[in-house]
Amino acid sequence: MPDVIPVDSVGIVTPKIAQFAEPLALTCGKSLTSYQLIYETYGTLNQDASNAILICHALSGDHHAAGYHSMDDKKPGWWDSAIGPGKAIDTNTHFVVSLNNLSGCCGSTGPTSINPETGKIWGADFPIVTVEDWVESQARLADKLGIKTFAAIIGGSLGGMQVLEWSIRFPDRLRAAVVIASAPKLSAQNIAFNEVARQSISRDPDFRHGNYLNEETLPKNGLGLARMLAHITYLSDDSMDSKFGRKMRHDAFQYNYDIEFEIESYLRYQGEAFTNRFDANTYLLMTKALDYFDPAARTGGDLSKALEKATCEFLLVSFTTDWRFSPARSEEIVDALVKAGKKVSYAKVEEDGGHDAFLFPIPRYMAALKGLLNRIGNQIKEEAN
Amino acid sequence: MRSDLVIINDWIKPNSRVLDLGCGDGELLSHLIGNKSVNGYGLEIDADQINTCIEKGVPVLEQNIDNGLQNFGNQSFDIVVMTHALQQFRRPDLLLDEMLRIGKECIITFPNFGHWRNRLHLGLKGRMPVSEFLPYNWYDTPNIHFCTFEDFRRLCDERGIKIERWAAVDGDLKGHLWTRLMPNLFSETAIFHVSR
């Protein structure tokens, strides 16, 4: 709980809900007749609605990116270190929009919502939603907020894929695309990790073919296991070693199957904590969205050709110890953008935090973001005058 | 702008596709983008310089040239520029080949080790030259492959590299007659515009 709201915090924020009555045709062939998106905004939208920044969240993120919901909150939003007055994403100059994606479990329509046709919880019947569908729904939210062109759209990991899709699908609706610790498509190893996560969920006896909420059970073991596995891939070998090493729970080995090492306890805690805040069907859907994403598939495997339509400038950032989406994956995007003659900058940040580093306020990384966004902010002001 | 950059700026045609190897704070590219509408990228490894480029709006890519340039296609740039850096690489000759593979033309500038002051320093004092322009000691210098104006000209000859034009610059960029007549002796900076 914050005793006092820090001066560089956006303070107490209240989520808003946008209702959409126009059906959304999904990539999978199905459609949603109506849906809602929960979102938060920070800062003030200027008169010509040109100072907006959209934040796209990663696999387990949500709309609560910055500030506090109440003085009782233990922690601020998931990217509070980057968003706020005077921070890299400066709410003094920009109006920040952060939403929970469709199929999420934090207030946007998803598997935990009621299916209007059956009156029951969607569960596993919720249609598969792709990155393309998310971007389409985000654009509709932008329409509703009166934002025609974003000053920037920013996302890390799966969020970065949404940013990439924005740049291709709606080239005239963003000035800058910031793609952080991301990839143009998943590798076989990435998909393999996702599949193990999915299997651990669907093989949990409490999963009930995804109908667990209607049957009043919860696949906590499976979801927890999925999170434990994923968590390992978010950290680097070095960061795990420096944090835990072979630190033991007791003074001597117990020679049984209980927890011996601190890392075991940490992972179990992470898995358990996750099951209290996240929905298993949503997790399945999010990992599928990751697997399906491959914009180059639409242009015969040529990423450069896929990006030809983009007109915004790009900033790519990777982290040296990230092995989930290694720097080489960001560089694939950079090379394709250079080949297509697009305006792009790329920073490979030395950092031992692994994939999770994209959430850390690393000075060099924050300065790069700030440099770009300040320049764009100034351009917007000049154009207005 | 640094004197060699002023000359390069004049040599680059408007709307060219430019790759600047070791672009620093993006001074040259920033100028070229602003005044000649070039489509350019700089390669750099220094974090602060990279952030300066991002702030200025100069496209900059973090890439260590020592690890190769294979990610750039054959003849994918109109011009590849390298200012005051060639002497810092392990194999300048191979790097020159790479530059000419990627670019239709290249512009290279380097400090001319044959400048009379260097010769005096080495000849009379018998010690490696240290000057305002080359402020390093022999053991900590990043410049591991010094060459003279004449050395580079000969390398081009041997490799069948065509010298489109050259310039010899002394500190104040005046382009004195003697610098033009005897560049190997009087130029502080050598500038070559080459192609295959």
Side-chain angles (χ1 to χ4, degrees), chain A residues 88 90 152 154 175-180 302-305 310-320 327-351 362-380 382, chain B residues 14-26 29-30 32-34 36-81 98-99 101-104:
Chain A
D90 191 347
I154 305 174
R175 285 169 180 262
V178 183
V179 179
I180 306 160
D302 187 342
L303 183 61
S304 179
K305 212 168 167 193
T311 54
C312 64
E313 71 166 286
F314 289 81
L315 173 63
L316 276 283
V317 182
S318 72
F319 301 91
T320 48
R329 304 309 314 276
S330 289
E331 286 155 22
E332 285 173 39
I333 302 172
V334 172
D335 288 343
L337 286 166
V338 169
K339 198 175 161 206
K342 304 300 172 190
K343 187 172 180 185
V344 53
S345 287
Y346 169 56
K348 182 160 82 176
V349 177
E350 190 97 29
E351 166 61 37
I362 303 156
R364 181 193 160 188
Y365 161 40
M366 290 295 114
L369 263 183
K370 200 181 174 94
L372 170 81
L373 297 176
N374 278 352
R375 171 165 52 78
I376 289 176
N378 290 337
Q379 274 167 15
I380 290 168
E382 274 169 33
Chain B
N15 305 310
S16 304
R17 216 170 124 78
V18 182
L19 183 65
D20 184 357
L21 304 179
C23 68
D25 65 1
L29 276 175
S30 167
L32 289 170
I33 292 166
K36 299 207 168 176
S37 315
V38 306
N39 175 356
Y41 304 91
L43 297 195
E44 186 49 60
I45 48 170
D46 182 88
D48 291 333
Q49 304 272 41
I50 289 169
N51 276 354
T52 304
C53 289
I54 292 172
E55 221 176 290
K56 280 187 189 171
V58 172
V60 62
L61 311 176
E62 181 158 353
Q63 182 170 340
N64 191 335
I65 298 162
D66 260 331
N67 297 339
L69 298 166
Q70 299 91 327
N71 52 321
F72 297 102
N74 294 347
Q75 306 287 291
S76 54
F77 284 86
D78 294 316
I79 198 145
V80 179
V81 178
E98 260 305 79
M99 289 172 69
R101 174 187 68 80
I102 296 164
K104 292 171 190 145

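To find a chain, count down the sequence lines: A is the first, B the second, and so on, and within it residues start at 1. As the structure is a computational prediction, the values presented were derived from the model and not from experiment. All heavy atoms count here, side chains included; hydrogens, waters and symmetry mates do not.
Contact annotation for A/V334: only side-chain heavy atoms (C-beta onward) come within less than 4.5 Å of a heavy atom of chain B. Neither the backbone nor the side chain of A/L369 comes within less than 4.5 Å of any heavy atom in chain B. Using a 4.5 Å cut-off between heavy atoms, B/I50 contacts chain A through its side chain alone, with no backbone atom that close.
Side chain of A/K342 to backbone of A/F314: no donor-acceptor contact under 3.5 angstrom is found.
Applying the side-chain hydrogen bond (donor to acceptor under 3.5 Å, both in side chains) test to pairs two or more places apart or on separate chains, those with a residue in residues 365-378 of chain A are A/E313-A/R375.
Ranked by non-hydrogen atom pairs under 4.5 Å with chain B, the options A/L315, A/V338, A/I376, A/L373 are led by A/V338.
B/K56 NZ: more than 12 foreign heavy atoms inside a 6.0 Å radius.
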Full working for salt bridge (Lys or Arg N to Asp or Glu O under 4.0 Å) between B/K104 and B/D78
CA-CA 5 Å; B/K104 292 171 190 145; B/D78 294 316; 3.2 Å; yes
